[in-house]
Amino acid sequence: MPSYEAVIGLEVHAQLSTESKMFCSCANKFGSEPNENVCEICSGMPGALPVTNKKAVEYAARMGMAIGCTVNEYSVFSRKSYFYPDLPAGFQTSQLDPPICEHGHLDIRVNGKNKRIGVTRIHMEDDAGKNIHSSGSNVSFVDLNRAGTPLIEIVSEPDLRSAEEAVAYLRGLRSILLYLGICDGNMEEGSLRCDANVSIRPQGSEKFGTRVEIKNLNSFRNVQRAIEYEIGRQKDCLAEGEALFQETRLYDSVKNVTLGMRSKEEAHDYRYFPNPDLPPVIVNKEDLARWRGELPELPAARHARFMAEHGLSVQDADLLTAEKDLADFFEAALAQYKNAKRIANLMQGELLRELNASGKSLADAGISPEGMAELARIIDEGLISVKIAQDLFGELFEKGGSPEQMVRERGLAQVSDSGELEKAVAEAVAENPTEAAEYKAGKTKLLSFFVGQIMRKTKGKANPALVNQLLKKHLG
Ligand code: ADP
Ligand code: MG
Ligand code: ZN
């Protein structure tokens, strides 16, 4: 049995967050009433004339620049013909040759190793509508609100070698899209989704194996699991002596399997041809230069700066720069109070936990960078312990406000009065003579038992450093 290596290439679709759709002035927004944002152009009426959204072209070019692509000054829109009820025009408007951007790359890091993944091309296209199959009845509906939404498709080279690399690559693209502010990155709502092309080949072989395309993966978890499943399935096929054939498969996330959808023989002949209703896309040098000048600091640069300027570790910088809003929050808090490590710890421990648990975005959370800075400061000043900060965090996250005021109003300030603590320590030692004797006989692990006793007596308000010091004195 030879051992196999996986070869993966991703086709990532990102909806652009422009005000209007790709070729008409209908609102480009999620969650409206069915067919609210529809006109004769995006509903594919014969004779309606599309007009290219300049903002979408600009966004596509910005993405290209951010990942080192050449932006073509000349590209064309083509019709990709196929029939489906959510595609009223009978074709998707897309780009075949030349696309707006080509020859880029994205650097990823997996298990501490850096790797460069090639990006073949980025092209612009419009999204289809949605078919809605209502359960319990035999009617289906078509909602065209999404029809005509501007999309970019980012196609990678087959450079990825594992599900982890594929997820890291997708995370990297999402992060850049959000930094650029051109896509909301919401995978649940379908603003970002991807097709994964997967093949395997014997370790050391130069030749690519037969690829399978898994359609429409809509979460990082599904990308990970679908690719892992598919690699396993292909290995099993070869082990059984079966041949693999080129096909399109769907991922069933409930059963965690991929299922055959159509083979290459059944693949569509899209009959691409230049769209006669749309002029070529021309981007001039002045616009390109201006957009390049306006590129924001991107995740990789910010990562390097967070390490150099704020002294963060690779892991801290990873967590804090992946999402632009977190990175902005961190720097805003740091501008108020300069203890990067303390703020980074609070953000990773407490803030990320609350964000995950609540499913909220940072913008909807109550806590402000000022509140976070104040919390870090009152811990450093010894007003509260980290433990109390953790206890208060849920409420601060929800409601915001001043942590110091909260601590003072509720009498949660740490007891750093050595007289008062001395009393509690003496009590704890007197109440637990057996443990005290064992400690003195060398069982120093019992220190934490005593610390716990004192924390209980002081309702968690004792200054831990002082408690340790006093305990050692009393037990020593
Ligand atoms: P199509 O348009 O039919 O999907 P493309 O040639 O544009 O075909 O390739 C789509 C994706 O498939 C690209 O991301 C590419 O890197 C990837 N790919 C091509 N060959 C292989 C292969 N043998 N194994 C895995 N991925 C592949
Ligand atoms: Mg494809
Ligand atoms: Zn429209």
Side-chain angles (χ1 to χ4, degrees), residues 4-13 18-29 32 35-45 48-53 56 78 80 82 88-89 92-97 99 102-106 117-123 125-129 143-150 153-163 165-166 169-170 173 194-202 205-217 223 226-227 230-231 234 244-249 258 261-270 272:
Y4 288 97
E5 161 181 78
V7 172
I8 302 154
L10 294 189
E11 297 165 89
V12 176
H13 290 91
T18 51
E19 292 289 317
S20 56
K21 291 188 182 179
M22 189 72 212
F23 299 112
C24 64
S25 56
C26 290
N28 171 27
K29 61 173 195 241
S32 305
N35 297 307
E36 192 178 318
N37 310 314
V38 176
C39 72
E40 67 280 10
I41 295 173
C42 56
S43 62
M45 295 291 159
L49 283 177
V51 178
T52 305
N53 183 335
S78 290
K80 179 179 178 180
Y82 67 95
Q92 180 184 30
T93 302
S94 183
Q95 296 195 291
L96 186 60
D97 199 28
E102 293 174 281
H103 316 304
H105 56 80
L106 179 74
I117 306 302
V119 170
T120 318
R121 52 188 271 141
I122 302 177
H123 58 259
E125 55 191 27
D126 59 357
D127 211 342
D143 177 3
L144 293 180
N145 282 340
R146 198 180 70 174
T149 296
E153 177 173 338
I154 307 161
V155 182
S156 85
E157 290 290 309
D159 287 347
L160 301 157
R161 294 290 173 269
S162 66
E165 288 188 6
Y169 168 81
L170 185 59
L173 285 184
C194 90
D195 304 338
N197 295 270
V198 181
S199 65
I200 58 172
R201 63 180 175 187
S205 156
E206 295 279 312
K207 222 175 111 234
F208 286 145
T210 304
R211 87 180 138 109
V212 159
E213 180 172 7
I214 313 167
K215 281 283 182 201
N216 262 328
L217 299 165
V223 169
I227 293 175
E230 183 56 27
I231 294 170
Q234 293 185 13
L244 291 166
F245 60 97
Q246 195 173 329
E247 62 175 334
T248 302
R249 296 179 74 87
T258 62
M261 192 175 132
R262 57 173 184 254
S263 69
K264 195 187 175 189
E265 289 70 40
E266 303 159 67
H268 297 289
D269 172 7
Y270 292 121
Y272 274 101

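Values in this document were obtained by computation on a predicted structure and should not be read as measured data. Just so it is clear, the values below take in all heavy atoms, side chains as well, and ignore hydrogens, waters and symmetry mates. In each ligand, atom 1 is the first atom listed, and ligand 1 is the first ligand listed.
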Legend entry - Ionic contact status for R201 with E5, cut-off 4.0 Å: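 Between R201 and E5 there is a salt bridge, with a charged N closer than 4.0 Å to a carboxylate O.
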Which of the ligand 1 atoms, numbered from 1, are nearer than 4.0 Å to a heavy atom of [X]:
{"X": "G209", "answer": "23 (N)"}
{"X": "F208", "answer": "23 (N)"}
{"X": "V155", "answer": "13 (C), 14 (O)"}
{"X": "V7", "answer": "24 (N), 25 (C)"}

Legend entry - From the candidates A196, S156, P158, the one that places a heavy atom nearest atom 14 (O) of ligand 1: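 Nearest option to atom 14 (O) of ligand 1, by heavy atoms: S156.
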Inset, instruction - With heavy atoms only and a cut-off of under 4.0 Å, state how E157 meets ligand 1: side chain, backbone, both or neither. - result: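 Looking at E157 and ligand 1, just backbone atoms fall under 4.0 Å.
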Inset, instruction - Report the part of L10 in contact with ligand 1, treating N, CA, C, O as backbone and CB onward as side chain, heavy atoms under 4.0 Å; options are side chain, backbone, both, neither. - result: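 It is the backbone that gets close, since no side chain atom is under 4.0 Å.
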Inset, instruction - Take the Zn ion (ligand 3) as the vertex and measure to SG of C26 and SG of C24; round to 10°. - result: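 Nearest ten degrees: 110°.
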Inset, instruction - May I have the angle between C39 SG and C42 SG with its vertex at the Zn ion (ligand 3), rounded to 10°? - result: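 Roughly 110°, rounded to 10°.
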Inset, instruction - Take E157 and T120 through the test side-chain hydrogen bond (donor to acceptor under 3.5 Å, both in side chains) and record every step on the way to the result. - result: CA-CA 6 Å; E157 290 290 309; T120 318; 2.7 Å; yes
Legend entry - Main-chain N/O of R211 paired to N197 side chain as donor or acceptor, under 3.5 Å: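 Checked: no pair found.
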Inset, instruction - Assess whether side-chain contact (heavy atoms from CB on, under 4.5 Å) is satisfied between F23 and T52, documenting all intermediate values. - result: CA-CA 5 Å; F23 299 112; T52 305; 3.8 Å; yes
Counting C-beta onward and ignoring hydrogens, is there a side-chain heavy-atom pair between [X] and [Y] closer than 4.5 Å?
{"X": "H103", "Y": "V119", "answer": "no"}
{"X": "I8", "Y": "E165", "answer": "no"}
{"X": "N37", "Y": "K29", "answer": "yes"}

